Amino acid sequence: MTSFNNWPQPSAEGIESLFDFYRAHKVLVTGGGSFIGSRLVDALLEMDCFVTVLDDFSSGKKSNLQLQNPNLRIIEIELSDKVSAAAHFSNQDLVFHLAAVHGGRGFIEKYPQKTLANLVLDHNVFELSVANHVQRIVHASSACAYPIHLQEDAKSLLKLSELELGSMDSPGCTPDGTYGWTKLIGEYQLEKLVAPTATTGRSARIFTAYGERENESHAAIALIAKALLKMDPYPIWGSGLQTRNFTYVTDTVRGLLQLGADSRPISFDVMNVGTSDHIPVLDFIETIFEIIGWHPNEISKDLSKPQGVASRAADNTYMKRTFGWEPRVSISEGLTRTIEWYSQLEGRPNSIDALTQLLESR
Ligand SMILES: NC(=O)c1ccc[n+]([C@@H]2O[C@H](COP(=O)([O-])OP(=O)(O)OC[C@H]3O[C@@H](n4cnc5c(N)ncnc54)[C@H](O)[C@@H]3O)[C@@H](O)[C@H]2O)c1
């Protein structure tokens with residue numbers, strides 16, 4: 001098969017069993033130019049799908065996409081404009097909805113108002129999909145939908161289970177900031193909009209993905225960028241004791257694809273897509289230093305910066321039990337690939353000043 005992919009990384013390990021389901025499907029991917037979205041598009045093209053990407057390229061990039069692939073159509077569009085968007089939803093089998101106003105911890109805490117746009121994007125995409133009789137909508141939700149009170153103790157090592165949220169009609173939900181609210185309400189909108197129709201919906205609560213094509217507004221790439229520039233003291237946000245379940249992007253993409261192919265006769269469902277490992281940020285950076293072969297003399301902990309919840313990891317039992325989904329790429333392997341890609345990335349900040357300026361601007 002001709003490869004249009006412009007780099008040697010696989011689009012998603014372990015998707016062979018999904019080929020028969022996806023082959024020749026017509027698939028719409030909103031936000032397809034994004035870090036995760038573009039890896040999903042690569043996987044769909046590899047499975048011989050006809051893919052349409054709708055993206056305003058506000059944070060996504062056309063250069064992430066296989067521009068010459070005849071099975072890919074790219075439409076630059078603002079999805080808050082429902083009238084213009086409507087034309088592109090007819091004759092599609094599946095919709096993966098990843099378009100969102102989103103960024104790293106700094107962005108979502110600095111610009112909560114901007115993230116409210118997600119309510120409109122979700123509503124438009126779900127309504128247009130249902131009106132056009134799409135079979136399945138997969139929605140990129142987030143771990144930020146989970147109540148923050150469950151994630152306040154770094155020592156508890158609680159793994160967030162889908163059961164923690166129970167019914168969305170239940171009281172006591174305090175998602176992670178405005179962005180978290182928009183993702184939770186996105187799930188709610190999807191459940192209610194598909195309920196009376198033949199369209200089915202799946203929300204994927206994505207947990208801290210990292211990998212190639214991510215940008216410096218997210219912790220993993222910011223930490224790699226600082227290490228490659230040998231910043232010493234080496235700055236981190238918060239104490240470094242906060243845990244995250246860093247999940248390599250091909251595992252995330254395989255989770256989304258499993259949800260797209262889910263044959264259970266259920267109108268709507270929610271599943272965690274993430275590893276169950278609690279990795280303290282301090283351990284994560286040690287792995288980066290080891291791969292790079294450099295260590296700072298001092299780690300400077302900036303407690304004035306937002307550090308997010310103290311503890312976060314996914315209970316992924318439900319995904320494992322339902323699809324046999326398991327993360328396949330270890331942290332050291334995922335980081336090795338990501339560092340190799342980032343170190344060769346054209347136009348990456350080439351000085352500490354340039355990186356600091358970039359991080360401040362996001
Ligand atoms: N990266 C993560 O760890 C993570 C974690 C949880 C959830 N998610 C969700 O996964 C999805 C993809 O995230 P990502 O990190 O790959 O990149 P991202 O957040 O940059 O992707 C968002 C995409 O939506 C597009 N977009 C934004 N506003 C739009 C609009 N009005 N009209 C059309 N397109 C628009 C952007 O250009 C971009 O391609 C998002 O929905 C995000 O909320 C990501």
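Count residues from 1 along the sequence. Computed from a predicted model, the values in this text were never measured in an experiment. Whatever order the structure lists them in is the order used to number ligands and atoms, beginning at 1.
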Exercise for the section: For A209, counting its heavy atoms only, list the atoms of ligand 1 lying under 4.0 Å from any of them. Expected result: 2 (C), 3 (O)

Problem - Salt-bridge criterion met for E162 and R205 (N-O under 4.0 Å) - result: no

Exercise for the section: Inspect the contact between E333 and R337 and indicate whether a charged nitrogen and a carboxylate oxygen are less than 4.0 angstrom apart. Expected result: yes

Do [X] and ligand 1 have an N or O pair less than 3.5 Å apart?
X	result
E78	yes
K183	yes
A143	no
E214	no
S58	yes
L79	yes
I206	no
I36	yes
A100	yes

Fill in the blank from the handout: From the list D262, T200, D93, side-chain hydrogen bond (donor to acceptor under 3.5 Å, both in side chains) with R136 holds only for T200

Completion exercise
Checking heavy-atom distances from atom 39 (O) of ligand 1 to each of T115, V273, D55, T247, the winner is D55

Fill in the blank from the handout: Candidates L54, D56, T252, L40; heavy atom nearest atom 29 (C) of ligand 1 found on D56

Handout entry: Polar side chain donor-acceptor pair, D353 to S351, under 3.5 angstrom
Key = no

Completion exercise
So CG of D251 and CZ of F246: to nearest 0.5 Å the spacing works out to 15.0 Å

Does ligand 1 have a heavy atom under 4.0 Å from the side chain of [X], from its backbone, from both, or from neither?
X	answer
Y210	neither
I77	backbone
C144	neither
T208	backbone

Practice task
Verify the neighbour count for atom NZ of K61: are there more than 12 heavy atoms of other residues, nucleotides or ligands below 6.0 Å?
Solution key: no

Exercise for the section: Check the pair F126, H97 against ring pair (Phe, Tyr, Trp, His ring centres under 6.0 Å), reporting the backbone distance first and the verdict last. Expected result: CA-CA 9 Å; F126 299 158; H97 173 45; 5.5 Å; yes

Problem - Shortest non-hydrogen separation from I292 to A227 and the atoms involved - result: CD1-CB, 3.6 Å

Fill in the blank from the handout: On a heavy-atom basis, the closest approach of P349 and E216 is CD-OE2, 3.6 Å

